[in-house]
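Beneath this line is the structure, given in structure tokens, with notes to follow.
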Number of protein chains: 2
Amino acid sequence: MKGRPVATGSTPSSGTTIYSVAERAGVSIASVSRVLQGSTAVSEKTRLRVLAAADELKYVPLAAARSLAVRHHEAHGLVLPELSGPYYSELLMGFESRAAELGQSVVLMLAEGKSDLVRAVRNLATRVDGLAMLGSSAIPDATVTAMHGSKPVVLIAGDARPDIDTVTSENTGSAEAITSHVLGHGRRRVLFAGDPASGPDVRDRYAGFVAAHEAAHLSAAEPVRIALREIDGRALADRLLSGDLRADALVCANDELALAVMKRLREGGQVVPDDIAIVGWDDVMTARYVEPGLTTVRQPVRELGASAADRLHQRITGAPVGDGPQVIPTSLVIRSSCGCPPEGVSR
Amino acid sequence: MKGRPVATGSTPSSGTTIYSVAERAGVSIASVSRVLQGSTAVSEKTRLRVLAAADELKYVPLAAARSLAVRHHEAHGLVLPELSGPYYSELLMGFESRAAELGQSVVLMLAEGKSDLVRAVRNLATRVDGLAMLGSSAIPDATVTAMHGSKPVVLIAGDARPDIDTVTSENTGSAEAITSHVLGHGRRRVLFAGDPASGPDVRDRYAGFVAAHEAAHLSAAEPVRIALREIDGRALADRLLSGDLRADALVCANDELALAVMKRLREGGQVVPDDIAIVGWDDVMTARYVEPGLTTVRQPVRELGASAADRLHQRITGAPVGDGPQVIPTSLVIRSSCGCPPEGVSR
DNA sequence: CTGTTAGCGCATTCAA
DNA sequence: TTGAATGCGCTAACAG
């Protein structure tokens, strides 16, 4: 026989269980559960009594106990490489916001610094109903595959795989557009900065870069394979300055890189865009503060995050889910680093 | 009598319980639990059998079940206002990183958009062992107080309260230093932009602003009470431009504001720092890209987050904890927006 | 409409 | 050293 826990009237607000409120309301725990779940009909009288008791005791069901009983967690897992720059933050905000609307908690995990990612993710999986992961070299496919099958998984900005849900923002088309724009300014020695192997995003952007050249019957240069951080940008600028690399335009895989290159180049006496045009990707805050304003591609990152949460929830609940990979459109933000005349209102 | 769950050999990797591995290893669930917890001594033989079985089945204990049994969650809760700008992201990275080192998951909640924050936080509390919250107007004291007593709580960048653990970065002293620096350039009509009522951070910075004036036997102006976003900065610049407000120096409560003001002012024909000096707070990326470089205060935000996680864990585990509020030092970053000559190397 | 009861999966005491 | 049994707090049948 199950011993009913002692009703500890001493503990302030914690330690109050369903038994406490049941006792306080003079009903069974089943009734308490009922009114709180709103499942079965309950007499208005007991309903009120329970509500009052629960309120006075500030009762909130223990998540773990509830999870164990209902066999799900009401939580979404999110795995991101890290959080520097506005991209991941925006993504996270969109994700958290939508998850909250859906009544789901979000437990976050950053890949950075984890020696055994697969183990960590597997552990995370034991406390959530599904996982959203960002596709990148920091979160290899193996990790995704390892989880797939045991819990719903949605891949953000990753490779479209027939077996896995994917939400991503448009890359190739925008990359082709921005590259064509640069080409339209008459630039002919244009370089792509970024490593296509670092992740699907960069790879697809380079693909667009190539496509734009093909459309113009030009041959695209090999990518300058570097990481997307400030330090890499400075190094690249130095190569340009020293003549080791030659170009009249630079399509960077993200703004951080573009900004760093631009700054160093100007310090080195080059003038942008006259000597060399530079464009980026992301439309970070700095992009509109620098001189000249950075031409770039804006992604609705927040929406991306929200979509991921949505999709994940659909998979978890078994709701009917849309077809193939979901891709969110991006938009070109033309400022003057590409060679266009400065706008009066740069915003 | 308790019915042993059927061993579902069908389900790929999920659905494997302690019963599965027990059966596979030919031992009782107690033994399985023992070797996995490393609690009691177990014969090397069964130990190996269990480990093998667990490995083959990729068994990971269900968090909820474990939590219920051990009566804690192995998870830290973190409540932040939102995530825009580098500040919160850095904080979050520091927090997550340290929490992970301590073997704790982190469940994140953003205050932004939550209509009933107290309810949301209370709910969050049911799935974590303790909460770290950022002190700000978005997360009022009432919220903190509501949780205090039921679970360990640490306040980040909040008011030092004798009853609550607090970790914060130094504000008043740095504010006094940067203000004195500006005063040292001979500026006499210096304004403080930011609302001291918006949170302890801004309040303390304004206090430092006042202190610097007092030290120089000057009287400090009332704060210009505005929010810290770009749009507010533009509005402030317009007031300066129109002559509605008059100043030869501006101490802004954060960089976003300072940057926005500076940009607008320059568009309006003013020259910084000649006509007006401007300094900020945070040292965001843009601060070193603009012309002139923004003089500001750098905070070790990441460390702040890590400290919060540490402190929280100490409280949860009942470890001996250091004395009063923990404050982390900041540093002045002098560039040229304050009136100092531009450095050759602005980094 | 309401109370009783059987698990959810795991850690842990108690015997053996 | 091991297995059987109990209970963590809660939901969901199942009887009344």
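Note on naming: letters A, B, ... go to the chains in the order of the sequence lines (proteins, then strands), and numbering restarts at 1 for each one.
Within the nucleic acid shown, S67(A) has no heavy atom closer than 4.0 Å to any nucleic acid atom. No engagement by V32(B) is indicated, since no non-hydrogen atom pair under 4.0 Å with the nucleic acid exists.
A straight line from CZ of R66(A) to C1' of dG9(C) spans 17 Å, rounded to a whole angstrom. Rounded to whole Å, the distance from CG on L68(B) to P on dG7(D) is 14 Å. With rounding to whole Å, R47(A) atom CZ is found 12 Å from dC1(C) atom P. Between E44(A) atom CD and dT2(C) atom P there is a gap of 10 Å when expressed in whole angstrom units. In this entry the distance linking CG of L62(A) with C1' of dT11(D) reads 13 Å, nearest Å. Between the NE2 atom of H73(A) and the P atom of dT11(D) there is a distance of 15 Å, given to the nearest Å. Taking atom CD1 of residue I18(B) and atom P of nucleotide dG3(D), one finds them 12 Å apart after rounding to whole Å. Rounded to whole Å, atom P of dC10(D) lies 13 Å from atom CD of E74(A).
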Show the distances under 3.5 angstrom between N or O atoms of the protein and N or O atoms of nucleotides 12-16 of chain C.
| from | atom 1 | to | atom 2 | distance (Å) |
| --- | --- | --- | --- | --- |
| dT13(C) | O4 | R34(B) | NH2 | 3.4 |

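Between P81(B) and L110(B), the closest side-chain pair of non-hydrogen atoms is not below 4.5 Å. Side-chain contact between T143(A) and V79(A): absent, with no pair of heavy atoms (C-beta onward) separated by less than 4.5 Å.
Nearest heavy-atom pair across L155(B) and L134(B) is CD2-C, 4.1 Å.
The shortest distance between the side-chain N/O atoms of S28(A) and the OP1/OP2 oxygens of dG3(C) is below 4.0 Å. Here S43(A) reaches the OP1 or OP2 of dT2(C): one of its side-chain N or O atoms lies under 4.0 Å away. Between R71(B) and dA11(C) there is no side-chain polar atom (N or O) within less than 4.0 angstrom of OP1 or OP2. Between Y19(B) and dA11(C), a side-chain N or O to OP1/OP2 separation shorter than 4.0 Å is absent.
Among D310(A), V144(A), D165(A), the one residue that satisfies the side chain to side chain contact (heavy atoms under 4.5 Å, CB included) test with V154(A) is D165(A).
Within the 3.5 Å criterion, the main-chain N or O of M147(A) finds no donor-acceptor partner in the side chain of K151(A). Put simply, the side chain of S97(B) never gets that close to the backbone of G94(B): no donor and acceptor are under 3.5 Å apart.
For the residue pair R127(B) / S105(A), a side-chain donor-acceptor distance below 3.5 Å is found, with atom types taken as modelled.
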